[in-house]
Amino acid sequence: MDFDVTAAWHVASPYAFLSRLRREQPVFSSEHLGAYVLTRYADVRAAYGDPRRFSSRGSLTISRSLTEETRAKLGEHGSFLSSFVANVDPPDHTRLRRSVSRAFTPRAVAALEREFRRLNEELLDRVEPRGEADFVTDLGHEPSVRLTARFIGVPAADEAFVQARVKDWFQLFLSPQPAERQLELAGSFLTYLDYVDRLVARRRAEPREDFVTLMTRSGLAHREVVELISTILLGGNDTVPNQLGNSVHRLLREGLWPVPDALLAGAVEECMRIDGASLGSFRYAATDVELHGVTIPRGSLVLLSSDSAGHDESVFPDPERFVPDRPNADAHLVFGYGIHFCVGAALGRLQLRTALEVLGRRLPYLRLTGGAPSYRRSLVGRGLTSLPVAWTRT
């Protein structure tokens with residue numbers, strides 16, 4: 001078997017395969033990915049912390065599967081994210097991260113918690129009387145999407161437009177697609193970029209109290225701001241909601257619902273460890289790298305599998321067992337490590353804790369009602385496409 005993210009078994013439960021790789025081929029050359037894969041926790045963590053050997057420059061522009069026709073349609077935007085903070089090395093990274101960090105102060109994050117709690121309560125006021133729903137489409141996404149839009153400065157009337165375009169953005173660059181679908185997604189992506197470009201231009205002319213305005217005053221170039229805004233919208237519209245869906249699915253299967261307050265913080269970390277929405281990050285070998293008897297040639301693409309690292313038996317004993325009070329659960333690498341540790345990690349954790357607390361209080365009898373869940377195909381993310389639930393008392 002290869003690292004085949006188009007296969008249902010791989011996106012749903014690749015852990016037996018990854019365990020074998022950690023034992024037998026900790027540096028795995030994947031023909032399917034066209035990349036080397038690091039699977040052991042120590043190696044993944046060390047690579048995250050070593051930008052001199054494992055470069056981030058260009059690592060997010062995973063567009064090798066795009067057809068020539070799609071590349072021609074994208075034009076200069078085929079190199080999208082070329083100046084995004086997670087896609088560059090120092091000194092550019094240092095400058096960009098310093099600007100972004102200004103928006104994630106403890107005071108700002110606390111204010112976002114109050115707003116996020118309100119958005120969850122408001123949604124449940126509407127949905128709770130129904131007694132059942134699809135968690136993914138009806139409950140898991142809206143509060144995070146709306147919070148991110150308000151934080152960024154996206155008008156409420158544009159939230160649905162942005163959410164749809166961000167979904168297409170993800171599929172185009174980070175999920176394998178047939179040729180005709182690529183062209184459709186490329187058109188949507190260009191429309192999305194034009195929207196963000198115009199939003200940034202408006203905030204330069206008419207400042208407001210939002211993230212876009214803050215970034216226009218940070219000294220960053222216009223393209224840097226556009227790419228930054230575009231990608232933060234991806235996190236709020238995609239990564240955090242996917243992690244919430246994965247977490248609710250896990251907690252319901254484990255019979256830990258509602259989550260007791262004393263276990264909530266630990267359960268969030270354990271959910272990210274065992275069912276992370278982020279599966280890893282790509283890097284390029286900046287030099288020949290010798291590891292476990294394998295030479296990774298300079299210029300090779302390398303996948304740092306945080307998914308495999310989170311199930312490494314040498315760090316997390318009995319890794320396939322869900323332990324809500326696991327003492328080192330927060331050592332997972334879902335948010336990365338080192339200079340590229342996710343700047344929004346505190347906000348992401350806060351959203352997960354808040355959503356699970358509100359959902360548990362409002363829907364204490366929540367239960368699964370469908371069959372086996374289905375997962376979307378993706379190079380770097382795990383998310384459910386549907387999760388039928390009900391919450392009437394039986």
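Computation of the quantities below employed the complete heavy-atom set of this structure, encompassing side-chain atoms and omitting hydrogens, waters and symmetry-equivalent molecules.
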I'd like to know if the side chain of [X] and the backbone of [Y] have a donor-acceptor N/O pair within less than 3.5 Å.
{"X": "Thr148", "Y": "Ser144", "result": "yes"}
{"X": "Thr369", "Y": "Pro388", "result": "yes"}
{"X": "Thr39", "Y": "Pro26", "result": "yes"}
{"X": "Trp257", "Y": "Leu363", "result": "yes"}
{"X": "Arg217", "Y": "Pro207", "result": "no"}
{"X": "Thr216", "Y": "Thr213", "result": "yes"}
{"X": "Arg22", "Y": "Ser308", "result": "yes"}
{"X": "His141", "Y": "Val136", "result": "yes"}
{"X": "Asp197", "Y": "Leu193", "result": "no"}

Salt bridge Asp238-Arg376, side-chain N to carboxylate O under 4.0 Å: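 Yes, Asp238 and Arg376 are salt-bridged.
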
Carboxylate-amine/guanidinium contact Glu357 Arg117, below 4.0 Å: yes

So if I apply the side-chain contact (heavy atoms from CB on, under 4.5 Å) rule between Arg165 and each of Thr191, Leu185, Leu190, Asp158, which one comes out positive? Thr191

Verify the cluster assignment for Leu279 and Leu33: are they in a single hydrophobic cluster under the rule of side-chain heavy atoms below 4.5 Å apart? no

Working to the nearest 0.5 angstrom, can you tell me the gap between [X] [atom1] and [Y] [atom2]?
{"X": "Asp134", "Y": "Leu387", "atom1": "CG", "atom2": "CG", "result": "7.0 Å"}
{"X": "Leu333", "Y": "Leu304", "atom1": "CG", "atom2": "CG", "result": "9.5 Å"}
{"X": "Glu254", "Y": "His249", "atom1": "CD", "atom2": "NE2", "result": "10.0 Å"}
{"X": "Leu366", "Y": "Leu252", "atom1": "CG", "atom2": "CG", "result": "5.0 Å"}
{"X": "Leu21", "Y": "Glu24", "atom1": "CG", "atom2": "CD", "result": "8.0 Å"}
{"X": "Gln163", "Y": "Arg146", "atom1": "CD", "atom2": "CZ", "result": "11.5 Å"}

Mind running side chain to side chain contact (heavy atoms under 4.5 Å, CB included) on Arg253 and Phe322 for me, showing each step along the way? CA-CA 10 Å; Arg253 283 184 296 158; Phe322 182 79; over 6 Å; no

Answer yes or no: are there more than 12 heavy-atom neighbours, outside Asp261 itself, under 6.0 Å from its atom CG?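 No, CG of Asp261 has 12 or fewer neighbouring heavy atoms, counting only those of other groups under 6.0 Å.
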
Glu121 atom CD: more than 12 heavy-atom contacts under 6.0 Å: yes

Check whether NZ of the Lys or CZ of the Arg Arg273 lies under 6.0 Å from the centre of the six-membered ring of Phe316 and within 45 degrees of that ring's axis.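 Satisfied, under 6.0 Å and within 45°.
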
In sequence, state the C-alpha distance, the side-chain angles, and the governing distance for Leu244 and Leu356, and then conclude on side chain to side chain contact (heavy atoms under 4.5 Å, CB included). CA-CA 8 Å; Leu244 179 59; Leu356 292 175; 3.9 Å; yes

Apply the test side chain to side chain donor-acceptor pair (under 3.5 Å) to residues Tyr41 and Ser314: give CA-CA distance (whole Å), side-chain angles for both, the deciding distance (0.1 Å), then the verdict. CA-CA 8 Å; Tyr41 183 94; Ser314 70; over 6 Å; no

Stepwise, does the side chain to side chain donor-acceptor pair (under 3.5 Å) test hold for Gln243 with Ser247? CA-CA 6 Å; Gln243 184 62 64; Ser247 300; 3.3 Å; yes

Exercise: identify the closest heavy-atom pair between Arg382 and Pro14: NH2-CD, 3.7 Å

Parallel, tilted or perpendicular: rings of Phe28 and Phe3 (30°, 60°):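 It falls in the tilted class, 30° to 60°.
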
